[in-house]
Amino acid sequence: AAAIVALSIRLTNTTRLNQLVLEQQRADFAALVTDYYQQTGSLKGLDQFLRQLNNQNQPQPNQNQPNQPNQFNPQPLPSDRRNIFGFADANGIVIVPLLPQFPIGQRIPADILARNEPLEVDGIVIGTILSQPAPIDLTPQEKAYLERTNQALTFAALGAALLALI
């Protein structure tokens, strides 16, 4: 019985960790887009802003740069942020691409929007977070965690089996 439980957990462990990481990343992305919208009053320039955040070598927005309509200085992002989300505005037009499926300017069909997460600010839907159904790549630390967890499950199942034989 212990072996069946350990095997079941081991088989679903990767999927569950993937789901947890995806949910954390989605929450971070939603918070960033929400903060940007609240600070600037629009989604204009969101894609450029996100690209600048993802490239540490580029200057932050609005630091002595002309033609920047609004100023926004976000909290630092976690170092493990991944580019696994896109964003469509309230009209369903992609403003942050999720390539290759959703390039900038594409109108997203209503059925696809319905399968993704709408983002609300003060009760108003400002857009939809777009995500791909494929599993994400785990970081080396996350892979090591899974390996250690699987080893612990194996040892626990072996221990339980030995105790059952005694």
Side-chain angles (χ1 to χ4, degrees), residues 9 11-149:
I9 292 171
L11 292 175
T12 60
N13 214 8
T14 302
T15 303
R16 289 179 183 174
L17 182 61
N18 261 323
Q19 189 62 34
L20 173 65
V21 171
L22 187 65
E23 288 170 7
Q24 289 173 335
Q25 296 287 314
R26 183 180 292 115
D28 289 345
F29 184 81
L32 184 62
V33 173
T34 299
D35 288 348
Y36 182 89
Y37 181 82
Q38 288 175 329
Q39 293 293 319
T40 65
S42 78
L43 295 171
K44 184 176 181 182
L46 176 63
D47 180 47
Q48 178 184 2
F49 169 73
L50 292 172
R51 280 187 273 129
Q52 287 174 330
L53 281 181
N54 290 330
N55 185 348
Q56 297 295 333
N57 297 327
Q58 290 185 6
Q60 291 296 314
N62 300 310
Q63 291 181 348
N64 301 322
Q65 293 182 17
N67 301 324
Q68 291 289 333
N70 301 305
Q71 187 170 18
F72 175 57
N73 296 311
Q75 297 296 317
L77 289 173
S79 61
D80 70 341
R81 183 171 179 274
R82 299 164 190 149
N83 298 316
I84 54 177
F85 299 104
F87 193 77
D89 66 14
N91 297 316
I93 305 298
V94 175
I95 60 172
V96 175
L98 182 60
L99 300 174
Q101 288 177 298
F102 306 119
I104 287 181
Q106 177 183 353
R107 178 175 296 278
I108 305 297
D111 64 317
I112 293 175
L113 288 174
R115 289 192 307 257
N116 286 276
E117 182 181 337
L119 187 60
E120 292 184 17
V121 174
D122 298 326
I124 298 169
V125 175
I126 63 167
T128 303
I129 297 174
L130 304 170
S131 59
Q132 295 177 350
I136 60 172
D137 291 329
L138 297 176
T139 65
Q141 296 85 357
E142 292 162 345
K143 289 177 184 175
Y145 171 79
L146 275 177
E147 186 176 315
R148 289 189 305 269
T149 301

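No experiment lies behind these values; they were computed from the predicted model shown. As a basis for the values below, the full set of heavy atoms in this structure was taken, side chains included, without hydrogen atoms, waters or symmetry mates.
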How about [X] and [Y]: do any of their side-chain heavy atoms sit closer than 4.5 Å?
X	Y	answer
Gln25	Val21	yes
Asn116	Ser131	yes
Phe85	Leu130	no
Val125	Leu119	no
Leu32	Leu50	yes
Asp47	Ile95	no

If I take atom [atom1] from residue [X] and atom [atom2] from residue [Y], how far apart are they, to the nearest 0.5 angstrom?
X	Y	atom1	atom2	result
Thr128	Asn91	OG1	CG	10.5 Å
Tyr37	Glu120	OH	CD	11.5 Å
Arg26	Gln19	CZ	CD	7.0 Å
Ile93	Ile104	CD1	CD1	12.0 Å
Lys44	Asp89	NZ	CG	14.0 Å

Start with the C-alpha gap between Val33 and Leu43, add the side-chain angles, then the distance that decides, and say whether side chain to side chain contact (heavy atoms under 4.5 Å, CB included) holds. CA-CA 8 Å; Val33 173; Leu43 295 171; 4.1 Å; yes

Step-by-step side chain to side chain contact (heavy atoms under 4.5 Å, CB included) determination, Phe87 to Val94: CA-CA 6 Å; Phe87 193 77; Val94 175; over 6 Å; no

For Gln106, check side-chain hydrogen bond (donor to acceptor under 3.5 Å, both in side chains) against everything at least two apart and list the hits.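 In terms of side-chain hydrogen bond (donor to acceptor under 3.5 Å, both in side chains), with neighbours along the sequence ignored, Gln106 is linked to no residue.
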
Taking only residues two or more places apart in sequence or in another chain, which ones pass side-chain hydrogen bond (donor to acceptor under 3.5 Å, both in side chains) with Glu147?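 Partners of Glu147 under the side-chain hydrogen bond (donor to acceptor under 3.5 Å, both in side chains) test: none.
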
Of the non-hydrogen atoms in Leu113 and Ala88, which two are nearest, and what is the gap between them?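 Looking at all heavy atoms of both residues, the shortest contact is CD2-CB, 4.2 Å.
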
According to the salt bridge (charged side-chain N to carboxylate O under 4.0 Å, His left out) rule, which pairs have a member within residues 94-114, sequence neighbours left out?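 Listed by first then second residue: Asp111-Arg115.
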
